[in-house]
Amino acid sequence: MADVGLPVDEVYEPPARVREGALVADMETYREMYRRSVEDRDAFWREMAERFLTFSKPFDRVVEEDLYTGKIAWFIGGKLNASVQCLDRHLAARGDKTAILWEGDEPGTNRRVTYRELSEMVNRLANALRRRGVRKGDRVAIYMGMVPELAAAMLACARIGAIHSVIFGGFSPRSIRDRIDDSTCKAVITQDEGRRGGRAVPLKANVDEALAEPGHSVEFCIVYRHTGTPVNMVAGRDEWWHDAVANEPAECPPEQMDSEDPLFILYTSGSTGKPKGVLHTHAGYLLHVMCSHKYVFDIREDDIYCCAADVGWITGHSYIVYGPLGNGSTTVMFESIPTYPDAGRYWDMVDRLGITVFYTAPTAIRAIAREGNEHVTKYRRTSLRVLGTVGEPINPEAWRWYFNVVGEGRCSIVDTYWQTETGGHMISGLAGATPMKPGSGSLPFFGVQPCVVDEEGRELEGNGVTGRLCMKASWPGMMRTVYGDHDRFVQTYLTTYPGKYFTGDGCHRDKDGYYWITGRVDDVLNVSGHRLGTAEIEGALVGHPAVAEAAVVGYPHDIKGTGIYAYVMLKAGYTASDELAKELRDAVRREISAIATPDRIQFVEGLPKTRSGKIMRRILRKIAEGEPENVGDVTTLADPAVVRDIIEGVGRAR
Ligand code: 6R9
């Protein structure tokens, strides 16, 4: 059996043009900085905090942590405000610099919002919120599309010390209500409609439905007018954004926040229970995302930086809003989808906006790669210097396509491993320094102390080990608690392996100390007593030229205990056949081992995904187990219809 992390024996050096002038341009510098960040942690983070943040009252101590009780605090005693870090500090030198470069749903519809304009928007809205009774510590729900006002709403909350809870614009009214109730939000900021891939998203109507049943905590809604489509406005509750800010001054004194005061809540699903409200704070979170944004992507003053994620997810919070704005960068906000109007949209946008750093997810890369290279090669892409990936392990095939076809070998790829809970990057290369291996997140970011443990929690020392990924110490951007349920925080993350933070991911550390994430351990299959990562099998399937995407789950098997069920989506131009199924089995056998051979292969037209692009294995598992009636709620999927198609196709599995 091959290594579980499926390490690929290929190394790519960062291209010379990327290394030249980089903040960290060689591995010696990285190693020395990393060494200091763990061996002399206080001094390292004190220096970083002083360099990246502006405290109105300096902090007394750097860190206090107890990974048994989950009491974690950074930059203790310091006072600052995240909105000041992202706006006020930049006004003198960068007031006229574009803060947010918006690309609307239709190609070429752009808006440039300078730091000065953004600051005014934020201050006016902050005043409006304060006037309506929002105080420090109050929760405010934000349910919007990808418009600059979304970032402004977040920063306006931060300015007055309110805790924002952004709810992804694709969530259903039920999910909105659950989240509003869980953190008793006092207000909702929304918009009339969003736009995505030529379709309207009824944001305001969804909020109305969420609030239809009485008994909620919401006192008022502010509605930003985006598409202009008429929406229902509830008298005494709803007010237009433009009316609410019309007479507000463009200056709003920021609340002086303690380093450890909450900045936001973001709900994320675990393997069990309802979504958890992951809580992040002002100083530690902001420092971690600014510092990682700067070093990982090697951000320079003139960069046009684009993270194509949605602000409704942690990637958007950290690497569209807080990291880039904290650093005074120009951050692109993309309202559309990678395949609208066609699979060339990203590269069309890259050329028109002059994007230099581009950050997206493997699922998007695979989706556009299957449509053919001509969608890429018809654009120049000469502005690109750094490419990033996040969200799931990237299979080497997709990595090579990103590197060779999109980047033409001229760009570095940073594969950034992290989680909602971690706030920012945990394992990632630095664009200008780290030799790249396709499919590996590579090495820990500064201050991050990963370790690999076996199932009993024993730490596996040295290289060439496979196990579960934990963190031995806290880092500034670490979540502080589950909102309203500290026990759940401790239970979920700190008790599986006492004294360590458990990521829930499996991983392999190769001979060079590079980390290879093998996927959630909840997805590990035990086949005839052999452990297999679903991601590993998927990687082997996707390595076949006919395969666009694959998802593997386990199902009960009389002899093996767990059998392997593979859902396979083919690239355009290929058709399902027994022959192809055989070829795929051979490929898996070849890539991994005979024990990894799928027992059943079902060719499908699409896979059930959340709107953030994560495959919903729970659903696929139920179908593979022969219990399609138990797939549960599919309404939050990007395309609920695929589930029906898959269920209908079960009989044709080969
Ligand atoms: C940022 C984000 C977290 C989970 C995480 C892991 C997977 C994220 C990855 C990756 C391999 C990467 N993941 N980035 N796996 N390589 N570069 O995605 O946060 O939505 O909370 O998901 O995503 O399994 O545990 P979140």
Side-chain angles (χ1 to χ4, degrees), residues 4-8 166 168 170 265-271 275-278 280 285 288-289 292-293 296-297 307-320 322-323 359-366 387-396 398-399 402 413-429 434 436-445 448 450 468-471 477-479 482 492-493 496 501-509 514-524 533-536 538-539 609-617:
V4 174
L6 207 66
V8 169
V166 176
F168 173 60
I265 301 167
L266 184 60
Y267 287 85
T268 189
S269 19
S271 28
K276 300 177 283 276
V278 168
H280 285 289
Y285 168 81
H288 185 180
V289 299
S292 51
H293 174 254
V296 166
F297 299 112
C307 168
D310 194 288
V311 171
W313 307 116
I314 192 66
T315 303
H317 278 60
S318 301
Y319 298 108
I320 295 175
Y322 286 110
Y359 192 25
T360 189
T363 183
I365 295 167
R366 288 193 298 265
L387 301 171
T389 161
V390 58
E392 54 176 317
I394 185 167
N395 49 299
W399 192 98
Y402 203 24
I413 293 185
V414 285
D415 179 351
T416 62
Y417 165 82
W418 58 295
Q419 309 175 300
T420 304
E421 295 89 337
T422 70
H425 299 154
M426 298 300 277
I427 292 173
S428 173
T434 316
M436 300 163 269
K437 300 191 188 189
S440 169
S442 76
L443 300 165
F445 185 66
V448 173
R468 298 174 168 209
L469 182 62
C470 291
M471 302 295 158
M478 182 180 188
M479 73 182 286
V482 169
T492 310
Y493 303 101
T496 317
Y501 167 87
F502 176 42
T503 62
D505 284 303
C507 101
H508 173 79
R509 187 165 57 218
Y514 274 48
Y515 289 82
W516 299 75
I517 305 300
T518 52
R520 304 291 303 193
V521 290
D522 354 56
D523 296 323
V524 164
T534 50
E536 175 191 18
E538 289 160 8
K609 287 184 182 170
T610 63
R611 293 174 208 238
S612 66
K614 285 207 170 52
I615 295 169
M616 291 291 285
R617 286 159 199 293

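The model shown is predicted, which means the values in this text are computed figures rather than measured ones. Remember, it's 1-based here, ligands and their atoms both numbered in the order they're listed.
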Participant: Looking at G423, is its backbone amide N or carbonyl O close enough to the side chain of H288 to form a donor-acceptor pair, meaning the two atoms are under 3.5 Å apart?
Facilitator: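 Not at all, since once roles are kept as given, no pair shorter than 3.5 Å links the two residues.
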
Participant: Give me the nearest non-hydrogen protein atom to atom 11 (C) of ligand 1 as residue plus atom name, then the distance to 0.1 Å.
Facilitator: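 For atom 11 (C) of ligand 1, the nearest protein heavy atom comes out as P393 N, 3.1 Å.
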
Participant: Go through the steps for T268 and K276 under the test side-chain hydrogen bond (donor to acceptor under 3.5 Å, both in side chains), then give the verdict.
Facilitator: CA-CA 5 Å; T268 189; K276 300 177 283 276; over 6 Å; no

Participant: For D415, counting its heavy atoms only, list the atoms of ligand 1 lying under 4.0 Å from any of them.
Facilitator: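 Selected atoms, number and element: 12 (C), 16 (N), 17 (N).
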
Participant: Locate the shortest heavy-atom distance separating L266 from W313; write the atom from each residue and the value.
Facilitator: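 Smallest interatomic distance, heavy atoms only, reads CD2-C, 3.8 Å.
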
Participant: Looking only at protein heavy atoms, which one is nearest to atom 20 (O) of ligand 1, and how far off is it?
Facilitator: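 Ranking protein heavy atoms by distance from atom 20 (O) of ligand 1, first comes K614 NZ, 3.1 Å.
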
Participant: How long is the span from the CH2 atom in W516 to the CZ atom in R509, to the nearest 0.5 Å?
Facilitator: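 Answer for the CH2-CZ pair, W516 versus R509, is 14.5 Å.
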
Participant: State the atoms of ligand 1, each with its element, that fall below the 4.0 Å cut-off from a heavy-atom position in T315.
Facilitator: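 Listed by number with element: 1 (C).
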
Participant: Once rounded to the nearest 0.5 Å, what's the spacing between atom CE of M426 and atom CH2 of W418?
Facilitator: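 Taking CE in M426 and CH2 in W418, the distance rounds to 11.0 Å.
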
Participant: For atom 24 (O) of ligand 1, what's the nearest protein heavy-atom neighbour? Residue, atom name and distance, please.
Facilitator: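 Result: D505 OD1, 2.7 Å.
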
Participant: Mark up the atoms of ligand 1 that fall under 4.0 Å of a heavy atom belonging to V390, in ascending order.
Facilitator: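 Every atom of ligand 1 under 4.0 Å from some heavy atom of V390: 1 (C).
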
Participant: I517 heavy atoms, cut-off 4.0 Å: which ligand 1 atoms fall inside?
Facilitator: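 Atoms satisfying the 4.0 Å criterion: 11 (C), 15 (N).
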
Participant: Between E538 and R366, does any side-chain N to carboxylate O distance fall below 4.0 Å?
Facilitator: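 Judged by the 4.0 Å cut-off on N to carboxylate O distance, E538 and R366 do not form a salt bridge.
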
Participant: What residue and heavy atom of the protein are closest to atom 2 (C) of ligand 1, and at what distance?
Facilitator: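 Heavy-atom neighbour on the protein nearest atom 2 (C) of ligand 1: W418 O, 3.7 Å.
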
Participant: Give the residue, atom name and distance (to 0.1 Å) of the protein heavy atom nearest atom 16 (N) of ligand 1.
Facilitator: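 Here the closest protein heavy atom is E392 O, 3.4 Å.
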
Participant: For the side chain of T434 and the backbone of G429, is there at least one donor-acceptor N/O pair under 3.5 Å apart?
Facilitator: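 A pair under 3.5 Å: no.
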
Participant: Whether the Y285 and S318 side chains hold a donor-acceptor pair (N or O, under 3.5 Å, no angle test) is what I'd like checked.
Facilitator: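 Distance-only check passes for Y285 and S318.
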
Participant: Below 4.0 angstrom from a heavy atom of I314, which ligand 1 atoms are there? Numbered from 1 as shown, please.
Facilitator: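 Taking each heavy atom of I314 in turn, ligand 1 has 1 (C), 19 (O) under 4.0 Å.
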
Participant: Go through it in stages, so that I can follow the logic: the residues are S292 and Y319, the test is side-chain hydrogen bond (donor to acceptor under 3.5 Å, both in side chains), and I'd like the CA-CA distance, side-chain angles, deciding distance and then a yes or no.
Facilitator: CA-CA 9 Å; S292 51; Y319 298 108; 2.6 Å; yes

Participant: If hydrogens are left out, which of G439, G391, G441 has an atom nearest to atom 18 (O) of ligand 1, that is, the closest non-hydrogen atom?
Facilitator: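 Looking at heavy atoms only, the winner is G391.
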
Participant: Considering only non-hydrogen protein atoms, determine which one is nearest to atom 21 (O) of ligand 1 and report residue, atom name and distance to 0.1 Å.
Facilitator: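 Its nearest protein heavy-atom neighbour is T420 OG1, 2.6 Å.
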
Participant: Below a 4.0 angstrom heavy-atom separation, can you tell me which part of T416, side chain or backbone, both or neither, approaches ligand 1?
Facilitator: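 T416 to ligand 1: backbone contact only, side chain stays beyond 4.0 Å.
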
